[in-house]
Each structure stands twice: as structure tokens, then as C-alpha cells.
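First listed ligand is number 1; within each ligand, the first listed atom is number 1. Bear in mind that the values here come from a model prediction, so they are computed numbers and not experimental data.
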Amino acid sequence: MPDCCVIGGGVIGLSIARELAGRGLTVTVMSRDAASATASWAAGGIFPAQPEIALGPDATPLEQFTAFSDRLHRQWAAELQAETGIDNGLRQCGTLALSIDDATAAELCDDLTRWQRLGIPCERVSAAAVGRLAPALAAAANAGTIQGGCFLPTETQLRPPRHLAALHASCRARGVTLIDHSRVLGFDLADNRIVAVRYSSPKSGPTTLPTECVCLATGAWSEGLLADLGIQIQTKPWRGQILLHRTAPGLLTQVVNLGAGFDYLIPREDGRLLIGSTIEDVGFAPMTTPATIERLERLVRLLLPETPFGAPERSWAGLRPGSPDGLPTIGPLPGIENGWLATGHFRAGLHLSTGTAVTMADLMSDCEPPLPTEAFSATRHRAGAVTLPPG
Ligand SMILES: Cc1cc2nc3c(=O)[nH]c(=O)nc-3n(C[C@H](O)[C@H](O)[C@H](O)COP(=O)(O)OP(=O)(O)OC[C@H]3O[C@@H](n4cnc5c(N)ncnc54)[C@H](O)[C@@H]3O)c2cc1C
């Protein structure tokens, strides 16, 4: 019987499993979908720039948690490379946050105020300077498409599919049992404790796995399993679509964000260029749509009008796990003695995954986590939190 059964093979479940196994626990991870069907695989992997100095008391719990997770990523990337030989692509590439119209200019103004409050290195740049920093953008700057922007030299990116492969390999090396293609159906309870997980797989059919404890990390699909435990927490799916082109390596080196970063270009070192994205409330429909792919195609040609593009290499969509108040939920399941929950990471699950794993492992082993966790507790949802739009 495992010490812990982690349900969910996305970045949150695998990171928690890796951390628990590293602390000597026997861990099983159960996941229903192929890695490529998870939000974690679909993500762009942008890690917003973080303050270089310790955050002040006015920083929000999420800002504190993000800075903590960000620092851990450097350590994890090195450990993953050493343990598995896989380079997860964590790079400080910098970002150009650009304005192309009044809306993106206003978003940039708000962001600049926040970056300055947090002490995040950033520099206002003219359109001409954008062209000098990223020569591929000079044509759009000269044409007046790009009005100006901010340069954030310390922004970072990671390659999500590689990071997932590294987590998988690290989990295996640490003795984690991975049960793939298994759909968890529900739980057997006795005296407010989960005693077994009921699941079904093509190989074994309906099966029961006894366990000492359960950690739910099922992303956008968490709500249904929580309901099985009598707990109501909304984890609404928010679809995001991405288009992938191949370009010459080095065409762009910085991430390019428009305004608050709902639209972006992410250049990889091998020349692949990701163009995203959308935030759509369409339920469990993880497919791309012709209208969005055409819009993303127009976007990249608007910003890089002189770059020759062939047919796109591919496109995909993923479902971000939403939450009622925009914050993740990390901690014990209310009313279940040996149940834990890590979900609702919305647009930042890759970034927050390291902090989530360490915090969860501390809570599960009765250690004081490095940061207070009240803001992320499952019980806050009982206080009648309202559903906020994303943003
Ligand atoms: C287009 C897009 C761009 C993004 N960009 C970024 C970014 O730049 N930076 C960033 O930090 N984040 C980004 N995100 C957000 C990030 O991807 C998510 O917050 C994160 O991946 C959530 O991870 P997760 O493990 O909770 O969920 P998922 O990765 O979706 O994993 C859920 C897991 O649960 C399993 N599961 C579900 N139900 C069951 C069941 N009943 N039984 C068994 N298994 C089950 C699934 O099979 C899957 O393995 C982006 C997301 C998208 C879609």
C-alpha cells in the first residue's frame, strides 16, 4: 500500500510525487490522460520576471508564493538535469512587453506600476529601441505597428513538454509507481478517511487501490472528484490555444508580450516559435478552432511582417484549471483526515509547481511550510467566494 496516492499526472501531481518520494515516502501516481492532453504539456512556459530583492510586507500571498516557486525552479532544473539528463529549457531570455494600441498601452501602464512596486527590473523602451533589441521586430516598429514597450531582462521561460519528461524520469528514478491510462472514479471512505481509490483502466478494468493518503492534483477536472467526497470547489476549465511555427534559430531571443500578456510569442532556442493564446470559457472542449488559429497567424505576421513563414508545424489547446477567486488551492481537504488538494493554478501552474510541491510535502509531513498557506486553503471557498472573471 503506498504512503500516498497522487491523482493527476500533470506538472502539479508529478512535482508533488517527486518531492514526496525524495523525502522517503512510497508514492503512486495515477493519471488518465497522455501527457500531451494535459494543460501542463500545452502551456507556453513563461515565468514572469521576479523581484531581485526580498518582497516587502505589501506583497500579496500569491506574489510571495510566486517568488518562492521561481527561486526553486533554478534548483529543480539543475537537479532534474543531473538526475535524468534532461534539460527542461529553463532560460533567462528576457521579455519585450509591447503596446500596439490604446488597450495594450493601458495594460502596460498598469503592469509598469506593479513591476516598480515589486522592484522587478524593467526599462521603458521606444519603438526604435525595440527594433534594436530585437531586429526581427524592427519592420513592425518602423511601420508604426509597435508603439513602444518595456524590456524585462530577467523574465524566464521553460519548455513544458521537456519539463514533464524530466519530472516523469525523476519520479521513476525515485521509485514512484506510475499508473497511466487509469481513470479515478471515486473513493472508499471509513471514519472520514480515504481507505482506497476506485479506478478503471483498459488493462485491469475496475480496480481498487488501498492507500494511506490521497492527494488530488487533477487540474480542471478536480470538481467532479471533489464532489464524490462531498466537497464543492469550482475548478472551471479555461481553454488556451497555441500555434507553432518553425523559424530560423535566433530570429527572436526574447519573449514578446502584448500588453498584459494575453497574446504572446515565445521563441525557443531551436527556432520554434509559439504564438498564443486565448482564455475561453467553453467547458471541456480541448480542441483548437479555425478562427483562433487564423487570428494567431495574423498576429505573428503583424509583428514579424518581413519573416518568411511556411505552413505551421502544429497547433494545440489545453484546459487551465480555474478557481473561484483566481488563487490556487493547496492544502488539506476539509473534513477528510488523510486527503489533500492541489488545484486551481489557472495561468501559472508551471511556475507555481515547485512551491506547490514543497509546500504540500511540508504540510503532509506536519512540517511548517516556508510561507503561510491560509490564502490558498480549501476552507476559504466555504466563505462564499464569488466567481471572478479571469485576468
Ligand atoms: C495555452 C496555455 C498556456 C499556458 N501558459 C502557462 C505559462 O506560460 N506559465 C505557467 O506557469 N502556466 C501556464 N499555463 C497554465 C498551466 O498549464 C496550468 O496551470 C498547469 O498545467 C496545471 O497543472 P495541473 O497538473 O493542475 O493540471 P493538468 O496538467 O491538466 O493535469 C491534470 C492531470 O489530472 C489527470 N486527471 C484528471 N482527472 C482524472 C481522473 N478522474 N483520474 C485520473 N487522472 C485524472 C489528467 O489526466 C492529468 O494528468 C498555460 C496553460 C495553457 C492551456
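Of all the atoms in ligand 1, the ones that sit under 4.0 Å from a non-hydrogen atom of Arg183 are 42 (N).
Within a 6.0 Å radius of CG in Asp58, more than 12 heavy atoms belonging to other residues, nucleotides or ligands are found.
For Gln241, no nitrogen or oxygen atom sits less than 3.5 Å from a nitrogen or oxygen atom of ligand 1, counting backbone and side chain alike. The N/O atoms of Gly9, backbone and side chain alike, include one that comes under 3.5 Å of an N/O atom in ligand 1. Some N or O of Ile12 is nearer than 3.5 Å to an N or O of ligand 1, by distance alone. For ligand 1, none of its N or O atoms has an N or O atom of Trp221 under 3.5 Å away. By the 3.5 Å distance cut-off applied to N or O atoms, Ile242 is not counted among the residues near ligand 1. Annotation: Leu352 places no N or O atom under 3.5 Å from an N or O atom of ligand 1; distance criterion only. Considering backbone and side-chain N/O atoms, Pro321 never comes within less than 3.5 Å of an N/O atom of ligand 1. Taking only nitrogen or oxygen atoms, main chain and side chain alike, Ala342 does not reach within less than 3.5 Å of ligand 1.
When the options Val184, Leu14, Val29 are ranked by their closest heavy atom to atom 41 (N) of ligand 1, first place goes to Val184. Closest heavy-atom approach to atom 29 (O) of ligand 1 within the set Ser15, Ala37, Ser40, Ser69: this belongs to Ser40. For atom 2 (C) of ligand 1, the nearest non-hydrogen atom from the set Gln157, Arg239, Arg320 comes from Arg320.
Counting only N and O atoms by type, the side chains of Ser353 and Thr356 include no donor and acceptor under 3.5 Å apart.
At a heavy-atom distance under 4.0 Å, only side-chain atoms of Tyr264, from C-beta outward, approach ligand 1.
The minimum heavy-atom distance linking Gly318 with Ala42 is given by the pair CA-CB, 3.8 Å.
A parallel orientation is assigned to the rings of Phe47 and His351, their planes being inclined by less than 30° (bins at 30° and 60°).
For Arg71 and Trp76, the positive end is not near the middle of the six-membered ring at less than 6.0 Å and at most 45° from its axis.
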